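See below for the structure under consideration.
Source: prediction; values computed, not measured. Chain A is the first sequence line, chain B the second, and so forth, proteins listed ahead of strands; every chain is numbered from 1.
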Amino acid sequence: MLAKLRISKLVSYTLPRRVCERRFLVTSNAFPNSEESLVVDAAESPELPSWIKDFISNKPSSNSVSDDEDFVIPSLASWVESQKFSRSRGEVSSGNVAEKSPEDIDRVCEFLNKKDSSHEDVVKELSGCDVVVSESLVLQVLRRFSNGWNQAYGFFMWANSQTGYVHSSQAYNAMVDVLGKCRNFELMWRLVDEMKKTESGLVTLDTMSKVMRRLAKSGKYNEAVDAFLEMEKSYGVKADSFAMNSLMDALVKENSIEHAHEAFLKLFDTIKPDSRTFNILIHGFCKARKFDDARTMMELMKVAEFAPDVVTYTSFVEAYCREGDFRRVDEILEEMRESGIKPNVVTYTIVMHSLGKARQVAEALGVYEKMKEDECVPDAKFYSSLIHILSKTGRFKDAAEIFEDMTKQGVSRDVLVYNTMISAAVRHSQDEMALRLLKMMGEEEGGLCSPNVETYAPLLKMCCHKKKMKLLGVLLHHMVKNDVSIDVSTYILLIRGLCVSGKVEEACLFFEEAMRKGMVPRESTCKMLVDELEKKGMGEAKLKIQSLVQFSVMTKSHSPLPVM
DNA sequence: TTAGGGTTAG
């Protein structure tokens with residue numbers, strides 16, 4: 001197949017020059033359409049990467065997939081099998097922990113999947129489990145069940161009762177985080193109190209930061225601030241400026257600059273703010289489009305004898321980018337230069353990304369050039385943005401080329417890069433390539449590339465959309481093997497996607513599973529499912545769903561659970 | 001470790 005390719009010197013390709021120097025344009029008689037051409041590095045790739053070969057051989061023109069036609073890359077399916085538990089790599093940071101036997105996690109899962117109604121039942125169920133508990137096993141189970149606190153907490157309780165095992169502070173913190181994520185704050189606080197009572201007094205700033213962040217994420221801003229104010233007295237965690245920044249950051253990230261500012265004013269006399277404190281607040285005001293307040297805070301920063309730095313200015317750059325006000329962006333960049341501060345890779349990424357979003361692709365790529373002039377080195381996040389922009393503007397081949405090129409430029413790919421490339425491939429109907437990329441992630445060195453829930457989202461969506469039920473099953477299995485727990489947004493995606501495709505039985509299964517995990521269905525989600533069941537004349541299933549919802553409304557109406 | 005992603009579509 002490759003023999004048929006025609007390779008010609010690249011003349012006027014629109015990519016930045018440096019990338020193009022060693023590149024050639026590859027066209028093929030098989031693909032007379034110029035869209036099907038591909039840029040490759042002929043000097044360094046005598047052998048094209050296999051997925052590019054597949055990409056070329058896979059006719060993208062035949063996109064229409066008939067209903068229920070299914071395919072699974074055989075290698076992916078077998079790879080899922082062979083990957084069973086080979087993920088212990090990089091998961092125990094503290095070393096010295098005995099390598100658990102590969103079957104342990106699987107056996108635990110079997111028990112946990114039997115019961116997910118209450119954590120007491122889970123504890124009872126586990127009495128028949130003869131697995132030897134280790135810290136790494138606990139962390140893995142908590143990761144795998146991070147959206148199902150019943151099972152996670154039941155297992156956590158049971159593990160603590162096992163002889164020869166005591167929970168580490170890391171395990172406690174992970175459990176606190178799961179409870180916070182599932183919004184079971186009552187149990188979360190009980191656990192923090194339990195930590196305090198242990199001999200070594202396990203509550204640290206790490207614990208409290210998780211608590212504050214989860215509270216803020218649920219809109220419980222005042223409770224987050226109170227947690228900070230009580231922290232030193234109740235748990236012996238020092239409330240210094242480092243800890244204060246953690247609180248500020250949680251409040252700002254979860255969209256309440258007001259609470260952050262208020263806390264700042266309240267604490268000003270007792271805790272000395274540092275330059276990060278000011279930057280967090282400036283960022284918060286910028287994010288809320290309160291430019292005057294951001295400026296005032298910058299003045300206050302100077303009064304406190306901290307010079308605004310690249311982070312300070314970048315917050316302004318980002319805010320004006322978001323407004324689409326590139327004239328002001330230039331003004332800020334000019335102001336930076338006058339203050340002797342150079343933009344860095346973060347600043348450039350923001351500008352490039354925003355220009356791309358505003359469909360000013362040429363200008364966006366110009367930023368890449370400018371950046372090189374400034375000898376600013378691109379990093380993985382920068383490449384991820386570049387790949388995203390190119391893909392969004394229809395230049396998928398260029399995006400794929402950048403993806404290929406980055407390791408040669410000495411930048412290793414991270415999860416975000418893979419996630420971006422996978423969703424780009426799905427967007428351009430390169431399903432098989434997307435799956436190969438997922439497979440590649442597991443083989444990437446360094447362990448920084450484990451797929452997360454965002455990795456799977458576009459793939460799952462594609463399965464629902466194209467009614468590929470077999471592949472959907474393989475992917476769900478793949479998620480479990482990689483300790484990725486299905487969260488609320490994934491359930492929504494599955495339920496809606498399956499409903500739209502008329503796979504209503506499957507949609508019901510996910511709906512019921514989500515409800516068992518304590519997620520509360522949104523009115524519109526219920527309606528969609530019920531309407532679809534009605535349409536199909538599935539009266540019994542409809543009644544089941546309706547009574548399930550009714551029951552949940554009756555029992556859980558006062559708790560702020562994750563809404564699906 | 002204070003600044004950078006995407007999601008989501010009728």
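Ranking B/dG4, B/dG6, B/dG5 by closeness to the A/H388 side chain, first place goes to B/dG6. Ranking B/dT2, B/dG5, B/dG4 by closeness to the A/I280 side chain, first place goes to B/dT2. Relative to the side chain of A/N279, the nucleotides B/dG5, B/dA3, B/dT2 differ in distance, and B/dT2 lies closest. The side chain of A/K381 lies closest to B/dG4, out of B/dG6, B/dG4, B/dG5. Taking every side-chain heavy atom of A/F242 into account, B/dT1 is the closest of B/dT7, B/dT1, B/dG4.
Rounded to whole Å, atom P of B/dG5 lies 11 Å from atom CD1 of A/I389. Summarising the geometry, the separation between CG on A/L460 and C1' on B/dG6 is reported as 15 Å, rounded to the nearest angstrom. Distance CG (A/N245) to C1' (B/dA3): 14 Å, rounded to an integer number of Å. The separation between A/I282 atom CD1 and B/dG4 atom P is 14 Å, rounded to whole Å. Separating the NZ atom of A/K357 from the P atom of B/dT7 is a distance of 9 Å, rounded to the nearest angstrom. Between the OH atom of A/Y418 and the C1' atom of B/dG6 there is a distance of 19 Å, given to the nearest Å. Going from atom CG of A/N452 over to atom C1' of B/dG6 covers 11 Å, rounded to whole Å. One atom, CE of A/M352, and another, C1' of B/dG4, lie 10 Å apart when rounded to the nearest Å.
A/K287 comes within 4.0 angstrom of no nucleic acid atom, judged by non-hydrogen atoms across all strands. In this structure, A/I350 reaches the sugar-phosphate backbone alone: every heavy-atom distance under 4.0 Å involves primed, P, OP1 or OP2 atoms, never a base. Backbone-only engagement by A/E318 is indicated by non-hydrogen atom pairs under 4.0 Å involving sugar-phosphate atoms exclusively. A/D379 comes within contact range of at least one nucleobase, with a heavy-atom separation under 4.0 Å. Within 4.0 Å (heavy atoms only), A/F382 reaches at least one base atom of the nucleic acid. A/N344 comes within 4.0 angstrom of a base, heavy atoms only. Looking at heavy-atom distances under 4.0 Å, A/V252 makes no contact with the nucleic acid at all. Residue contacts for A/R427: at a heavy-atom cut-off of 4.0 Å it reaches the sugar-phosphate backbone alone, with no base atom in range.
In this model, a donor atom of one side chain and an acceptor atom of the other lie less than 3.5 Å apart for A/Y313 and A/S339. A/R427 and A/S391 share a side-chain donor-acceptor pair at under 3.5 Å.
Looking at A/R496 and A/E506, no side-chain N of the basic residue comes within less than 4.0 Å of a carboxylate O on the acidic one, giving no salt bridge.
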Worksheet item: Yes or no on side-chain hydrogen bond (donor to acceptor under 3.5 Å, both in side chains) for A/H478 and A/N482, after CA distance, side-chain angles and deciding distance?
Response: CA-CA 6 Å; A/H478 196 272; A/N482 285 284; 3.3 Å; yes
Worksheet item: For A/E331 and A/R327, what are the C-alpha separation, side-chain angles and deciding distance, and is it a salt bridge (charged side-chain N to carboxylate O under 4.0 Å, His left out)?
Response: CA-CA 6 Å; A/E331 281 172 20; A/R327 196 182 52 85; 2.9 Å; yes
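The side-chain heavy atoms of A/V211 and A/M231, taken from C-beta on, include no pair separated by under 4.5 Å.
Judged by atom type and distance alone, A/N419 does not reach the base of B/dG6 through any side-chain donor-acceptor pair under 3.5 Å.
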